[in-house]
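These notes are about the structure you will find just below.
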Amino acid sequence: MSTHEFRAKVKATYPHVTVKVTTVSFQDLARGDAKCLTVEHDKQGELKQINQWAKDAGILPDKNIRCFSG
């Protein structure tokens, strides 16, 4: 799955979610570049599926901590 296909799948399934894919350079650690994911406006339970799709697309998943009010 490409990054474009990943974005389209997230938007079709979760239209209220915003995804940002950025390329981060790890050259200072003698490594190449990697695509990293940031997810915003997600609801409880949605991030797991989005991260799985990101992994399938070769994107590092979003590991930010979330607090959901009950």
Are the side chain of N51 and the backbone N or O of P61 linked by a donor-acceptor pair below 3.5 Å? no
Working to the nearest 0.5 Å, report the span between NZ of K35 and OG1 of T3. 3.0 Å
Applying side chain to side chain donor-acceptor pair (under 3.5 Å), can you list everything that pairs with T23, at least two apart in sequence or on another chain? none
Give a yes-or-no answer on whether the side chains of E46 and H16 include a donor-acceptor pair shorter than 3.5 Å. yes
Heavy-atom closest contact (S2 atom, A57 atom, distance): O-CB, 4.1 Å
Is L37 isolated, or which residues cluster with it under the ILVMFWY side-chain rule of less than 4.5 Å, directly or via members? M1, F6, V10, Y14, V17, V19, V21, V39, L47, I50, W53, I59
Quick one: which residue pairs count as a salt bridge (charged side-chain N to carboxylate O under 4.0 Å, His left out) with a foot in residues 4-21, not counting sequence neighbours? K20-E40
For the residue pair V24 and C36, what are the closest heavy atoms and their distance? CG2-SG, 3.7 Å
